[in-house]
Amino acid sequence: MTRNLLKNPNGEEELEFWDLTENGGSQWKVEEMPGDCGYEFCNSEVTKYFATSFELCLKRQVIDLVAEGFTAAQLDAQPAVRVEDWYCGRTDSGCTYQMTAALLDENHLVIQEFKPEPVTLDPDSDDCSWRQVSHTFTDYGPGLSYISFEHGGQDTKFWDGWFGVRVTGSSVTVEV
């Protein structure tokens, strides 16, 4: 059975297991679903999300696939690697969202990367409810050892507090 390799994907353990690569403004915060001016999530088991602030907030996990029990032979067979993330804005403030997922070799050099264009959500013209982004890596060659997953954003009004993008439900799976 395929399992999510990200630890604490929904904030149940606050910011544990995440490397806060950017922690601007009022910094990262974990809030209860749906939060002020927020939206219900499509999975009732997800009760929390990570909220960003008025300066860039990014958080990252690097997954050591050998430490997670995968063998070099399994990884050299180039199993499909799927990354998923959920993000939304608030009804009272615009925000930006970004993510980068990368397959890394044993020296942490990028084998293949998924980095979609940043998304700007504006409550005056968009439905800022929860949206999913996903990507499946295939045909990336041998040498996979690590997976890097980073995401976050900020608000567009530069208001003090947590008016930026909200993220939850993140996952990284390897299909062996």
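- Counting heavy atoms from C-beta on, the side chains of V30 and Y49 never come closer than 4.5 Å.
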Query - Candidate pair M99 and F149, rule side-chain contact (heavy atoms from CB on, under 4.5 Å), full reasoning - result: CA-CA 8 Å; M99 80 161 303; F149 180 93; 3.5 Å; yes

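- Residues L65 and L6 are members of one and the same hydrophobic cluster, defined by side-chain heavy-atom contacts under 4.5 angstrom among Ile, Leu, Val, Met, Phe, Trp and Tyr.
- Taking the side chain as every heavy atom from C-beta outward, L20 and W28 approach each other to under 4.5 Å.
- Between the side chain of N4 and the backbone N or O of S170 there is at least one donor-acceptor pair closer than 3.5 Å.
- With sequence neighbours excluded, the residues satisfying side-chain hydrogen bond (donor to acceptor under 3.5 Å, both in side chains) with D160 are S26.
- Residue pairs satisfying the salt bridge (charged side-chain N to carboxylate O under 4.0 Å, His left out) criterion with at least one member in residues 47-62, sequence neighbours excluded, are listed as follows: E32-K48.
- Under the rule for a salt bridge (Lys or Arg N to Asp or Glu O under 4.0 Å), the partners of E68 that lie at least two apart in sequence or sit in another chain are R3, K7.
- Separation of atoms SG (C88) and CD (Q132) is listed at 13.5 Å; rounding is to 0.5 Å.
- Atom CD of Q61 is separated from atom CD1 of I63 by 6.0 Å, given to the nearest 0.5 angstrom.
- In this structure, the ring-ring contact (aromatic ring centres under 6.0 Å, His included) partners of F137, at least two apart in sequence or on a different chain, are H135.
- Inter-residue side-chain proximity for I147 and V62 is flagged as unmet; no heavy-atom pair is nearer than 4.5 Å.
- Using a 4.5 Å heavy-atom cutoff, the side chains of F163 and C95 are not in contact.
- Listed by first and then second residue, the salt bridge (charged side-chain N to carboxylate O under 4.0 Å, His left out) pairs involving residues 80-94 are R82-E84, R90-D92 (not counting sequence neighbours).
- Note: Q27 CD to E22 CD = 11.5 Å, rounded to the nearest 0.5 Å.
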Report task. Please report the C-alpha distance between Q154 and V165 in whole Å, then the side-chain angles of each, then the deciding distance to 0.1 Å, and finally whether the side-chain contact (heavy atoms from CB on, under 4.5 Å) criterion is met. Result -> CA-CA 6 Å; Q154 67 187 81; V165 73; over 6 Å; no

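- With sequence neighbours excluded, the residues that form a side-chain contact (heavy atoms from CB on, under 4.5 Å) with N8 are E12, E13, E16, F17, W18, F50.
- Here NZ of K29 is found 11.5 Å from CG of L15. Values are rounded to the nearest 0.5 Å.
- Applying the ring-ring contact (aromatic ring centres under 6.0 Å, His included) test to residues at least two apart or on different chains, the pairs with a partner in residues 72-94 are F41-W86, Y87-Y97.
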Side-chain donor-acceptor distances from residues 101-121 under 3.5 Å, at least two apart:
residue	atom	partner	partner atom	Å
D105	OD1	N107	N	2.8
D105	OD1	H108	N	3.1
D105	OD1	L109	N	2.9

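- The closest side-chain heavy-atom distance from T136 to V81 is not below 4.5 Å.
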Requested in this report: Please report the C-alpha distance between T96 and T156 in whole Å, then the side-chain angles of each, then the deciding distance to 0.1 Å, and finally whether the side-chain contact (heavy atoms from CB on, under 4.5 Å) criterion is met.
Outcome: CA-CA 7 Å; T96 60; T156 56; 3.9 Å; yes

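- Residues W130 and T168 meet the side-chain proximity criterion, which asks for heavy atoms closer than 4.5 Å.
- Considering only heavy atoms from C-beta on, F70 comes within 4.5 Å of L5 through its side chain.
- No single ILVMFWY cluster, assembled from side-chain heavy atoms under 4.5 Å apart, contains both L58 and Y146.
- Between D19 and E150, the closest side-chain pair of non-hydrogen atoms is not below 4.5 Å.
- Within the structure, salt bridge (charged side-chain N to carboxylate O under 4.0 Å, His left out) pairs that include any residue of residues 119-136 do not occur (at least two apart or interchain).
- Judged as a ring-ring contact (aromatic ring centres under 6.0 Å, His included), and not counting sequence neighbours, W162 has no contacts.
- The hydrophobic cluster containing V66, built from Ile/Leu/Val/Met/Phe/Trp/Tyr side-chain heavy atoms closer than 4.5 Å, comprises no other residue.
- Among residues at least two apart or in separate chains, salt bridge (charged side-chain N to carboxylate O under 4.0 Å, His left out) pairs with a member in residues 161-171 are E31-R166.
- Here the side chain of Q98 pairs no donor or acceptor atom with the backbone of G153 at under 3.5 angstrom.
- T47 and S44 make their closest contact through CG2-O, 3.9 Å (heavy atoms, listed as atom of the first residue, atom of the second, distance).
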